[in-house]
Amino acid sequence: MKRVVNEQQAVADSSGQKTNAKKLAAKDVHAANLADPSFSKDVIDWQKQHGRHALPWQNTRDAYRVWLSEIMLQQTQVAAVIPYYQRFLQTFPTVESLAAAPSEEVMAHWSGLGYYSRARNLHKCAQAIVAQHAGVFPGDPVILEELPGIGRSTAAAIAAFSYGTRAAILDGNVKRVFARVFGVERYPGEKAVENEMWLRAVALLPATGVEAYTQGLMDLGATLCTRNRPSCNRCPLAQRCIAYATNRTNELPIRKPKKAVPEKSTVMLLIIDDDQILLEQRPDKGIWGGLLSLPEIDAALEPGNADFDVALMRATAAFGVPDSVEKLTEFSHTFTHFKLHITPYRISLARRLKIAGQSSHNWYPLHRMAVAPLPAPVKKLLLTLVHEPDLLSE
DNA sequence: AATTCGTGGTC
DNA sequence: TGACCAAGAAT
């Protein structure tokens with residue numbers, strides 16, 4: 001029977017043997033001690049019989065499709081990705097078509113999926129593949145990792161699924177599986193813990209069959225070794241799982257230390273002229289980077305307040321003369337790391353100036369809001385304005 | 001190395 | 001209903 005070794009003991013074992021293998025780097029000694037061919041065999045056998053085999057980006061070795069899916073799946077659940085993936089692939093069937101597309105169209109197809117730097121980097125990456133790699137994705141994860149938006153884990157997944165390259169992933173699924181199987185009693189977001197897991201990930205790679213192994217780790221994490229109520233009774237790793245043996249699957253992996261979520265406020269202006277609305281492109285840095293959104297002014301300002309009128313005039317001066325100003329129903333939007341209170345004002349223009357505004361400001365037809373590159377809450381607000389305006393009045 | 005990046009589902 | 005978090009990367 002296999003000896004149960006917890007994390008602390010494993011680390012102690014490796015450090016104890018460092019002096020016996022001075023010719024090898026400490027990292028290699030460590031990796032050798034962590035190796036266990038039966039681990040990958042259990043994962044591969046399970047994946048072939050019980051894993052997922054019909055996801056839209058499976059059953060292909062087209063690196064473009066694999067890459068697109070891996071980028072979309074970063075910090076995003078499969079169910080949320082599927083419709084985006086299909087629409088995206090329909091519009092941009094090849095890396096060349098994506099590279100040649102206008103950035104606004106790329107952003108529009110990402111609108112609502114979140115983490116918009118992924119979309120900007122996706123576009124840059126497509127252009128780099130066309131310009132520097134003859135339109136062919138490299139099979140070497142080291143080369144892949146040099147491309148925008150592709151980190152170590154994503155590079156390995158692309159290389160493994162597209163070319164069968166033997167490379168290790170370390171995503172949220174793998175971290176959760178490792179934390180439980182090996183009884184890791186520290187938060188995996190911690191750098192030292194993550195480094196330790198990378199050593200394991202490399203050491204546990206199979207000699208062959210990296211595709212089924214990689215998919216199997218993801219499938220285990222997504223379907224059995226879930227965050228809550230894992231299905232240990234069906235898990236191929238249960239007999240070697242420390243968390244299962246010690247009844248600690250509910251505590252592992254250790255949760256991220258929580259801290260108070262800051263709250264912010266903003267005022268959004270719905271400056272409307274007939275059937276058009278004024279939008280502006282947000283800078284690449286910061287929240288909703290690169291998307292279109294509504295013009296904003298300081299949240300402390302209220303109508304009737306002289307400062308509000310000044311700010312309003314400043315915001316609209318280049319575009320027209322405000323007529324009516326109506327405060328709409330406030331709402332809030334919760335991000336992972338802060339909560340944003342939004343106060344929208346609907347402003348109709350008495351006169352729209354013909355002079356050209358800043359290049360970042362543009363008038364958009366209201367009937368195109370559904371396909372505009374907007375943040376989710378802004379898109380929802382504007383679609384409500386178009387279809388059910390009564391819901392917005394206080 | 002710890003933060004900053006979205007959104008929708010789950011409990 | 002608010003806390004938690006998912007196929008991470010960039011800084």
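Lettering follows sequence order; numbering is per chain, from 1. Being a predicted model, the structure only gives us computed values, none of them experimental. Keep in mind that the numbers below use all heavy atoms, side chains included, and drop hydrogens, waters and symmetry copies.
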Which nucleotide wins on minimum distance to the side chain of [X], given the candidates [options]?
| X | options | value |
| --- | --- | --- |
| A:Asn173 | C:dA10, C:dA7, B:dG6 | C:dA7 |
| A:Phe335 | B:dT7, B:dC11, C:dA7 | B:dT7 |
| A:Asn228 | C:dA6, B:dC11, B:dT3 | B:dC11 |
| A:Thr154 | B:dT7, B:dG9, C:dG8 | C:dG8 |

For [X], which contact category applies under a 4.0 Å heavy-atom criterion: base, sugar-phosphate, or nothing?
| X | result |
| --- | --- |
| A:Ile71 | nothing |
| A:Ala157 | nothing |
| A:Gly221 | nothing |
| A:Leu217 | nothing |
| A:Arg176 | sugar-phosphate |
| A:Ser153 | sugar-phosphate |
| A:Gly286 | sugar-phosphate |
| A:Ser69 | nothing |
| A:Gln215 | base |
| A:Trp57 | base |

Would you tell me if any nitrogen or oxygen in the side chain of [X] comes within less than 4.0 Å of OP1 or OP2 on [N]?
| X | N | value |
| --- | --- | --- |
| A:Gln75 | C:dG8 | yes |
| A:Tyr116 | B:dT7 | yes |
| A:His333 | B:dT7 | yes |
| A:Lys256 | C:dC4 | no |

### Message
Can you confirm whether A:Arg52 is buried at CZ, in the sense that more than 12 heavy atoms of other residues, nucleotides or ligands lie under 6.0 Å from that atom?
### Response
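Yes - once you tally the heavy atoms of other residues, nucleotides and ligands closer than 6.0 Å, there are more than 12.
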### Query
For A:Lys327, does the NZ atom sit with more than 12 other heavy atoms under 6.0 Å from it, leaving out its own atoms?
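More than 12 heavy atoms, drawn from other residues, nucleotides or ligands, come within 6.0 Å of this atom.
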### Query
Under 3.5 Å, is there a donor-acceptor pair between the side chain of A:Glu105 and the main chain of A:Pro102?
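Such a contact is absent between A:Glu105 side chain and A:Pro102 backbone.
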Determine the Euclidean distance between corresponding [atom1] atoms of [M] and [N]; express it in Å to zero decimal places.
| N | M | atom1 | result |
| --- | --- | --- | --- |
| B:dC11 | C:dA7 | P | 14 Å |
| C:dA10 | B:dA1 | C1' | 13 Å |
| C:dA9 | B:dG8 | P | 23 Å |
| B:dC5 | C:dG2 | P | 23 Å |

Atom-pair distance ([atom1] on [X]; [atom2] on [N]), nearest Å:
| X | N | atom1 | atom2 | value |
| --- | --- | --- | --- | --- |
| A:Lys258 | C:dC4 | NZ | P | 4 Å |
| A:Ile287 | B:dT3 | CD1 | C1' | 12 Å |
| A:Arg186 | B:dA1 | CZ | P | 12 Å |
| A:Lys191 | C:dG8 | NZ | P | 15 Å |
| A:Leu340 | B:dG6 | CG | P | 12 Å |
| A:Tyr187 | C:dC5 | OH | C1' | 10 Å |
| A:Asp284 | C:dA10 | CG | P | 14 Å |
| A:Glu145 | C:dA10 | CD | P | 8 Å |

Does the base of [N] carry an N or O that pairs as donor and acceptor with the side chain of [X] under 3.5 Å?
| X | N | result |
| --- | --- | --- |
| A:Thr334 | B:dT7 | no |
| A:Thr76 | B:dG8 | no |
| A:Arg52 | C:dA7 | yes |

### Task
Return the 5'-most residue of the pair A:Pro375, A:Glu190 with respect to DNA chain B, ranking by each residue's nearest nucleotide.
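It is A:Glu190, whose closest nucleotide lies nearer the 5' terminus.
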### Query
In terms of the nearest nucleotide of DNA chain B, which residue is placed more toward the 5' end: A:Lys259 or A:Ala376?
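Taking each residue's closest nucleotide, the earlier one in sequence belongs to A:Lys259.
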### 5' precedence on DNA chain C between A:Gln74 and A:Arg227 (nearest-nucleotide basis)
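Nearer the 5' end of the strand: A:Arg227.
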### Query
5'-most contact on DNA chain C: A:Leu147 or A:Arg255, nearest heavy atom basis?
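The 5'-side residue here is A:Arg255.
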### Message
I'd like to know if the side chain of A:His341 pairs up with that of A:Glu263 as donor and acceptor (distance under 3.5 Å, no hydrogens or angles considered).
### Response
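Yes, a side-chain donor-acceptor pair sits under 3.5 Å.
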### Message
Are A:Leu294 and A:Tyr364 connected into the same hydrophobic cluster when the rule is that any two of I, L, V, M, F, W, Y join if their side-chain heavy atoms are below 4.5 Å apart?
### Response
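Yes, A:Tyr364 connects to A:Leu294 through the hydrophobic network.
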### Query
Hey, which of A:Lys41, A:Arg200, A:Arg240 is the one that makes salt bridge (charged side-chain N to carboxylate O under 4.0 Å, His left out) with A:Asp36?
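For A:Asp36, the salt bridge (charged side-chain N to carboxylate O under 4.0 Å, His left out) check succeeds only for A:Arg240.
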### Query
Can you find a pair of side-chain heavy atoms, one from A:Ser162 and one from A:Phe137, that are under 4.5 Å apart?
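The answer is no; the side chains never approach within 4.5 Å.
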#### Entry: Inter-residue atom distance A:Ile44.CD1 - A:Thr208.OG1, 0.5 Å rounding
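A:Ile44 CD1 to A:Thr208 OG1: 6.5 Å, rounded to 0.5 Å.
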